[in-house]
Amino acid sequence: NGVPKDDELAVKWYRKSAEQGNANAQFNLGVSYRRGRGVPKDYVLAYMWFNLSANIGYRDAEEERSKIEKKMTSKEIGNAQRLTREWLAKHKKK
């Protein structure tokens, strides 16, 4: 309503929040990558963000992860799971 949409700026702020473990922001990044809004369409990264969000208990992320999984190869799913593990190891709370 009078405010122009800026998908790239939205992704920037989602990412900042997602990096801090915010499940809603992680979910929104997954949606951005699934749709290719503000970032190139990338099912592997969408799956990774949905997976991270689902791991925190965000139920909508579980559903979206299941939907996108049907569009992916087993190799892509494996890559997304590896990226999830790497992200979790990098962002482990000390």
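Among all heavy-atom pairs drawn from E69 and I77, the shortest one is CG-CD1, 3.3 Å. Between A18 and W49, the shortest heavy-atom contact is CB-CZ3, 3.6 Å. Here the closest heavy-atom approach between residue S53 and residue A23 is recorded as OG-O, 2.8 Å. Nearest approach of R65 to A54, heavy atoms of both residues: NH1-CB, 3.5 Å.
Neither L9 nor V31 shares a network with the other; the hydrophobic side chains, linked directly or stepwise wherever heavy atoms of I, L, V, M, F, W or Y lie under 4.5 Å apart, form separate groups for each.
To the nearest 0.5 Å, the span separating CZ on R35 from CG on D42 amounts to 16.0 Å. The OG1 atom of T84 sits 6.5 Å away from the CG atom of L88 when rounded to the nearest 0.5 Å. Going from atom CD of E63 over to atom CD1 of I68 covers 14.0 Å, rounded to the nearest 0.5 Å. To the nearest 0.5 Å, atom NE2 of residue H91 and atom CD of residue Q20 are 9.5 Å apart.
At a threshold of 4.5 Å between non-hydrogen side-chain atoms, the residues W87 and K92 do not count as touching. Side-chain contact check for L52 versus L29: every heavy-atom pair is 4.5 Å or farther apart. Using a 4.5 Å cut-off on side-chain heavy atoms (C-beta onward), Q81 and Y47 make contact. In this structure the side chain of E64 reaches within 4.5 angstrom of the side chain of R34, judged on heavy atoms.
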Chi angles and distances behind the salt bridge (Lys or Arg N to Asp or Glu O under 4.0 Å) call for E86, R82: CA-CA 6 Å; E86 289 172 359; R82 177 184 50 78; 3.1 Å; yes
With side chain to side chain contact (heavy atoms under 4.5 Å, CB included) as the criterion, how do V39 and R15 come out once you've worked through the C-alpha distance, each side chain's angles and the decisive distance to 0.1 Å? CA-CA 11 Å; V39 289; R15 188 175 312 282; 4.2 Å; yes
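In terms of modelled atom types and a separation under 3.5 Å, the side chain of E76 and the main chain of V44 share no donor-acceptor contact. For S32 (side chain) and N28 (main-chain N/O), a donor-acceptor pair under 3.5 Å exists by modelled atom type.
Because its NZ or CZ atom is both nearer than 6.0 Å to the ring centre of W13 and within 45° of the ring axis, K16 counts as a cation-pi partner of that residue.
Every residue was checked against the ring pair (Phe, Tyr, Trp, His ring centres under 6.0 Å) condition with Y43, not counting sequence neighbours, and none meets it.
F27 and F50 have tilted rings, their planes meeting at an angle from 30° to 60° on a 0 to 90° scale.
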